[in-house]
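To start, the structure itself, in structure tokens.
Start at 1 with the first residue, then count along the sequence.
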Amino acid sequence: MSNEVLGTRPRSSSEVETLPSKRSQQIRDLSLTQQESDERSAWVQLCCEFLKCHRRPINNALHLITTPLAIFGLLSLIQINGPTATIATAVAFLMGVAFFVPMGVLVATTFVITGLTAAAMFLSPSPLEAIATIVVGYVVQELSHWLAGERTLQSTYSGASDWLTRFSQHALLLLPLILVTCFRRRQSPLRLFVARKAVLKTKLTSPSQTADLQAIRDWVQAEHPTLASSTHWWQDDMTGAAKEGFDRLSNDASLRAMIRRFHGTGYVVEPVLGMNELYVTGPLKVASSDTVFYMPHVDGPWSVFPGARLYRCMLAASPNTEVTTHFPMVGKDYDAPEGHRLETGDAVAFDFNRELHFITRVPDPTRTELRVNLKLHFVAYPKSLNAYGGLLDNLTTRYDIGARKLFLQTIAPISFWQKAKAAWVLAWTKIFELVSRYIGWSNLSYVLILAAVSMAMRDSQWFIIGTSFVHYLIYAGTLS
């Protein structure tokens, strides 16, 4: 579908997705009549240039709001002269678009323009309101590029000799270009409505990485950790070659690149050193905080933090024949979760605040080594929102430190209050699992916000409309 809206022939699965370097070949491949070739060639070239500056779904999603908003403001200004002038403007706009775009794009554009024209005629905002709408649409559209860390298309030709011609084409075809992104799998704003698998795996195999893991394993053996429960050390608790190796691994380029590839362009990935720790697995115990590891759980409370994620990266520093980490929300079924048994050098990263996970253990009588893991942490956020990413870093680190204190108090409960705290930890772990599994914290927040807006506006239609059609967007984003 994406190739059809561009006006090019379908591509085989082995061909590379549209890139500027392929532009001339795409133009030669147009399945069009000779009379249409010039207009369609300009369209394909503009599409390639536009898509290069609009790679991120969040940028396109905001454009899908701001562009129609600005057009609505313009039509509302024209509406002052009467409905005939408004309809004539809309028809003239669509006739101009028809010279350039394929039929599918023209139909979609006609549908949107018809709706905006009807809204302008029905609502009839004042001239001041119409101008304010245009200004808001333009300003927010510029801010969307800053938010996504992408340059504007206008900036690519602002100094060219034919800038006025290109600007005119850009202005005329901006709405069709935005609609095209809805059919581009990697760039579609509909992707924001679809949950993506955020369990990432890699393996560290370089000589320096292997040596650092060996140094950490040797240090643990020298510490003679207890076998009665799990054992934890903060990164700063370590010493010598093990500490130096841990420091290098906590900022490992390959781990950061793995996370950055998942988010795409415009994102920064930084280590979160205050949460890093070394961990030795303990035996399964009943009614202690260690039991949490064997229950589906999330590690942190900040599951509603749009546009940013804080990852926990489990890096195995030892052989492992007993313990498997499971992720039930990304398996084929909740009761058949995706599992990873991490051996030396294996690393799996997941969202600290969102991803349900648990471990299972099958005793191996031949095992001779402790299971040693590094818990490394990274925060990923849009590069233009450093303070926002820093806030997620700070909040999660504070929570993790506090949770670790409570965990250590209940790891081997003896007194009544220690047992009560352990029961409290396990109860809230179960509650978080049920909400994450059956509702979703983002869904819950969305519904509560709509309920608050409806109550503030004293109009239930906000809630009814806002909750009645979201699933169609999810369907479209999943199937497109």
Side-chain angles (χ1 to χ4, degrees), residues 5 50 54 57-101 103-144 168 170-183 188-190 192-193 446 449-450 452-477 480:
V5 296
F50 182 84
H54 299 78
I58 183 62
N59 193 9
N60 297 329
L62 291 173
H63 275 59
L64 197 58
I65 297 172
T66 58
T67 300
L69 187 65
I71 293 174
F72 168 76
L74 180 61
L75 291 172
S76 299
L77 274 180
I78 297 172
Q79 172 64 19
I80 296 172
N81 299 314
T84 302
T86 308
I87 295 174
T89 300
V91 171
F93 173 80
L94 291 173
M95 291 178 62
V97 170
F99 280 108
F100 294 93
V101 305
M103 180 56 67
V105 180
L106 179 61
V107 171
T109 305
T110 301
F111 178 81
V112 175
I113 290 297
T114 300
L116 294 174
T117 303
M121 295 171 62
F122 177 75
L123 297 175
S124 297
S126 67
L128 184 60
E129 291 172 333
I131 293 173
T133 301
I134 296 173
V135 172
V136 169
Y138 180 82
V139 171
V140 176
Q141 188 161 286
E142 294 297 303
L143 288 175
S144 70
S168 300
H170 181 185
L172 175 67
L173 300 176
L174 181 57
L175 178 60
L177 289 167
I178 291 297
L179 295 176
V180 164
T181 65
C182 294
F183 301 98
S188 173
L190 297 176
L192 300 177
F193 293 93
Y446 176 74
I449 289 172
L450 281 179
V453 170
S454 295
M455 292 177 64
M457 302 295 292
R458 297 183 178 180
D459 187 350
S460 62
Q461 290 187 26
W462 289 84
F463 184 84
I464 295 172
I465 294 174
T467 57
S468 296
F469 305 102
V470 175
H471 60 287
Y472 293 116
L473 297 175
I474 297 174
Y475 295 157
S480 62

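Taking the side chain as every heavy atom from C-beta outward, L77 and I134 approach each other to under 4.5 Å. Using a 4.5 Å cut-off on side-chain heavy atoms (C-beta onward), T86 and N81 make no contact. The closest side-chain heavy-atom distance from T181 to P189 is below 4.5 Å.
Contact detail for F463 and S454: the closest heavy-atom pair is N-OG, 2.9 Å. The two residues V101 and P176 have their closest heavy-atom pair at CG1-CB, 4.1 Å. Residue A90 comes nearest to I113 through the heavy atom pair CB-CG2, 3.8 Å, listed as atom of the first residue, atom of the second, then distance.
For the atom pair I71 CD1 and T89 OG1, the distance stands at 12.0 Å (nearest 0.5 Å). Note that CG of L175 and CG of L116 are 7.5 Å apart. Values are rounded to the nearest 0.5 Å. Summarising the geometry, atom CD1 belonging to I178 is positioned 11.0 Å from atom OG1 belonging to T109; distances are rounded to the nearest 0.5 Å. With values rounded to the nearest 0.5 angstrom, L190 atom CG is found 8.5 Å from F183 atom CZ. With rounding to the nearest 0.5 angstrom, the CG atom of L94 is 4.5 Å from the OG1 atom of T110. Distance CG/L179 to CG/L64: 6.5 Å, rounded to 0.5 Å.
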Note to self: One pair to check against side-chain contact (heavy atoms from CB on, under 4.5 Å): L174 and Q141. What are the steps and the verdict?
What the structure shows: CA-CA 12 Å; L174 181 57; Q141 188 161 286; 3.6 Å; yes

Checklist line | Working for side-chain contact (heavy atoms from CB on, under 4.5 Å), residues S144 and T66 | finding: CA-CA 9 Å; S144 70; T66 58; 5.7 Å; no

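Considering only residues two or more places apart in sequence or on other chains, L172 meets the side chain to side chain contact (heavy atoms under 4.5 Å, CB included) condition with F93, V97, F100.
S76 places no side-chain N or O within donor-acceptor distance of the main-chain N or O of P125, the cut-off being under 3.5 Å. For the pair S124 (side chain) and M121 (backbone), a donor-acceptor distance under 3.5 Å is present.
The local environment of OH in Y446 is crowded, with over 12 non-hydrogen atoms from other residues, nucleotides or ligands closer than 6.0 Å.
Aromatic ring pairs are classed by plane angle as parallel below 30°, tilted from 30° to 60° and perpendicular above 60°; the pair F50 and H54 is parallel.
Checking each of N59, N60, T67 against H63 for a side chain to side chain donor-acceptor pair (under 3.5 Å) leaves exactly one that passes, namely N59.
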